[in-house]
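By convention in this document, chain letters (A, B, ...) are assigned in the order of the sequence lines, proteins followed by strands, and residues within each chain are numbered from 1. What you see is a predicted model; the values in this text were computed from it and never measured.
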2 protein chains.
Amino acid sequence: MADGVHDSSWLPRSIRAAWGMEERPGRGPKPGLSLERIVDAAIRLADRDGLDAVSMSRVAKELGASTMALYRYVDAKDELLQLMVDAVYGPPPSPAANGESVRAALDRWARAELAVYRAHPWTLRVPITGPPITPNAVRWFESGLRSLGETRLTENEKMETVLLLSVYVRGIESVMREVREAFLQTARTDEDAMSVYEQSLARLIEGQDLPALQRAIASGVIGAEDEPDEEFTFGLERILDGIDAYVAWRAANPAEDS
Amino acid sequence: MADGVHDSSWLPRSIRAAWGMEERPGRGPKPGLSLERIVDAAIRLADRDGLDAVSMSRVAKELGASTMALYRYVDAKDELLQLMVDAVYGPPPSPAANGESVRAALDRWARAELAVYRAHPWTLRVPITGPPITPNAVRWFESGLRSLGETRLTENEKMETVLLLSVYVRGIESVMREVREAFLQTARTDEDAMSVYEQSLARLIEGQDLPALQRAIASGVIGAEDEPDEEFTFGLERILDGIDAYVAWRAANPAEDS
DNA sequence: GCATAACTGCGTATGTTATACACAGTGATG
DNA sequence: CATCACTGTGTATAACATACGCAGTTATGC
């Protein structure tokens, strides 16, 4: 157990490569491809035709290479997906600057994450399969943590706070997007779809004992088109309110082991 | 446009069947299967072997039928997945009872949703593909809305509040579970995996400029095993704090159109 | 200079997947 | 009794991830 536990050999090769931890062996022919080119091609495909269009053979075709060539750079498709997501994240927003409130910094952080999902919606369909270990994912986490650096939250609470935010941003945009897309498959325009859904849902629950939903439908909110970030902002404000209150509380009641 | 918009024919057949809206036609042989039996068999498979084990052919085998027989009850696999999820949701918790606070009721609601995910983790891997239209999903929404019935939130805000909660519960349990499972693939026991991750992550970011993460790691929180619902509860409390504050604010500042 | 070993790319093969289609039997309705 | 809608099934298709082995390539050790 002397050294085996301390090395990073459990990391997939391609992830290590993304961290720049892969020695280039001199032997053998020069690689015609590169991890970066493969990831870029896959992102291009996903941006254009959606995540379902990202198959190993299509990515290879995009590069003019054979399917199996990709497996010299990536052990499994799953790794490629992780690297695609990491690449579109890019560098995180800067942490709380001098004089910026924790709330403002976290608000920036959350909206920056939202912007990534808006720019590359397929990201939301890549399943999370483990802790953040890719470079940009780790850096985003760092940036969030650092904005909480001046507070008296415990280290654990800081992590939980960042996790809370990140889970919310991803989750809300994911449902909102899927709902919108389901609507668009039913009707041509957004409003058409919404009103079809509203009326059909109204009919569906007509005889049922669902008064709260019926009131919501009657109020017309479902078919109504609000400003684009309405739902996102409402939830985010509630969360930031809660975090703010807790940060203030912790300032007055510091944890013993902090 | 006279009637076509107002009927529910845009709903998949199997979803209509789940609502009990499908007339039984007298013609033809008696069905040997039923939607319910198919969904049950699929759930049994998912509980036992995970969501990946749920293929149309395996579900059919479980029932002693042919693969294609399932398509007489379900138009696509996606519908089957929706119905599986709906079935394990079951009926929602009761809405706020007399004298119960909004906060307590929403807390019960969130923890009931968590319990579903704990009982059937594969649910978290079924992608959301549209608005809630299955019976239990709609009833859960209704229950959440009803707990907010006595508040002065607008109908839209009530929906956004329920959505916020639901997104959080699903999201946090989903990441926590995937992270835990990724750890378990690396090491035998939970603690082993955690400490391997901790030490490897420490080594990974050793040379990097990631001070906040390094402090978090140094504090030992990553490898530490807290009580099982620690992360879930922390985020939930922040959210409920934020909702509570907003409900109180709305009580003093009612919306004009409510 | 040359043999070797490590490496890259590729063609082929395998097993699995969802689902389209056509056909055979079935049973109530005209 | 004929019709016709319905159920179950076998076959076929196209796509998928990926294991394997071979052929060609290049720096290293002699």
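- Counting heavy-atom neighbours within 6.0 Å of A:Arg177 CZ, excluding the residue itself, gives a total above 12.
- Where B:Thr67 and B:Arg27 each meet DNA chain C at their nearest nucleotide, the meeting point lying more 5' is that of B:Thr67.
- Under the 3.5 Å distance criterion, the side-chain polar atoms of B:Tyr117 are left unmatched by any main-chain donor or acceptor of B:Glu173.
- Atom OH of A:Tyr71 is separated from atom P of C:dG11 by 16 Å (rounded to the nearest Å).
- Taking atom CG of residue B:Leu63 and atom P of nucleotide D:dT7, one finds them 16 Å apart after rounding to whole Å.
- Rounded to a whole Å, the NZ atom of B:Lys30 is 15 Å from the C1' atom of D:dA5.
- Taking atom CZ on B:Arg13 and atom P on D:dT7, their separation rounds to 8 Å, with Å as the unit.
- Distances from the side chain of B:Tyr73 to the nucleotides D:dC16, D:dT7, D:dG24 place D:dT7 closest.
- Position along DNA chain C of the nearest nucleotide to B:Met68 versus B:Ser55 favours B:Ser55 as the more 5'-ward residue.
- Between the CZ atom of B:Arg72 and the C1' atom of C:dA22 there is a distance of 10 Å, rounded to whole Å.
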Just do the side-chain hydrogen bond (donor to acceptor under 3.5 Å, both in side chains) check on B:Gln82 and B:Thr134 with the steps written out, would you?
CA-CA 8 Å; B:Gln82 302 303 319; B:Thr134 52; over 6 Å; no

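- The aromatic rings of A:Trp109 and A:Trp140 stand perpendicular to each other, their planes meeting at an angle above 60°, with 30° marking the opposite boundary.
- Distance, A:Leu70 CG to D:dT18 P: 11 Å, rounded to whole Å.
- The A:Ala69 side chain lies nearest to C:dG9 when the options are D:dG8, C:dT17, C:dG9.
- Under the 4.0 Å criterion applied to side-chain N and carboxylate O atoms, B:Arg125 and B:Glu181 are assigned as salt-bridge partners.
- Among the nucleotides C:dG25, D:dC16, D:dA17, the one closest to any side-chain atom of A:Met56 is D:dA17.
- Between the P atom of C:dT17 and the CG atom of B:Leu51 lies a distance of 12 Å, rounded to the nearest Å.
- Closest contact between the side chain of A:Lys77 and the listed nucleotides D:dT7, C:dC10, D:dC16 involves D:dC16.
- Separating the CG atom of A:Leu33 from the P atom of C:dT8 is a distance of 10 Å, rounded to the nearest angstrom.
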